[in-house]
Amino acid sequence: MPDDSLHLPFVHDVLEREKATPGALLPVLHAIQDGVGYVPDAAVPEIAHALNLSVAEVRGVISFYHDFRTAPPARHTLRLCRAESCQSMGAEHLAAQLREQLSLDDHGTSADGQIALRPVYCLGACACSPALELDGRVHARLTPERLRELVNGCLEDGAC
Ligand code: FES
């Protein structure tokens, strides 16, 4: 478990810079996640106080947007495309395979922090569906076997 309080000086700098901006909550959350890698729990009351919001309001926004993380990011992020073209080429079957292989839901992160799953809606590779993005690199014309190889590569040594 990370010591969230270590990040508070950075959080205070962001709040000092952004708090007067209209609609500051989203820019503040993005700036903190960009700088720290996630939005630390210890930052939530600080944000609420600085922006004159309730803690529940801040937590509500963080949980509403799946892009905000409340824990350090996984070593690998696998974003399987779930949009139409990929769906028509078997993406739902691949998603089920991922859920079963990793025992995670579509937005899950493995307990060891090795891999995180995130759905995405079109990677611009529709002509080569189904597709996914792994650590920023697109892999297309996926098969169940290729998907399993990619995941195993992440789980084994982190070299994807
Ligand atoms: S629909 Fe999957 S890449 Fe476009």
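Start at 1 and go down the list; that is how both ligands and their atoms are numbered.
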For A125, counting its heavy atoms only, list the atoms of ligand 1 lying under 4.0 Å from any of them.
3 (S)
Could you tell me which atoms of ligand 1, counted from 1 in the order shown, lie closer than 4.0 angstrom to a heavy atom of S85?
1 (S)
Aromatic rings F68 and H30: how do their planes relate, parallel, tilted or perpendicular, breaks at 30° and 60°?
tilted
Do NZ/NE/NH1/NH2 and the carboxylate oxygens of D106 and R82 come within less than 4.0 Å?
yes
Can you name the atoms of ligand 1, numbered from 1 with element, that are less than 4.0 Å from a heavy atom of C122?
1 (S), 3 (S), 4 (Fe)
Hey, is R148 close enough to E145 for a salt bridge, meaning N to O under 4.0 Å?
no
Among C126, A91, S129, C81, whose heavy atom sits nearest atom 4 (Fe) of ligand 1?
C126
Assess, by modelled atom type and distance only, whether the side chains of D67 and Q33 contain a donor and an acceptor separated by less than 3.5 Å.
no
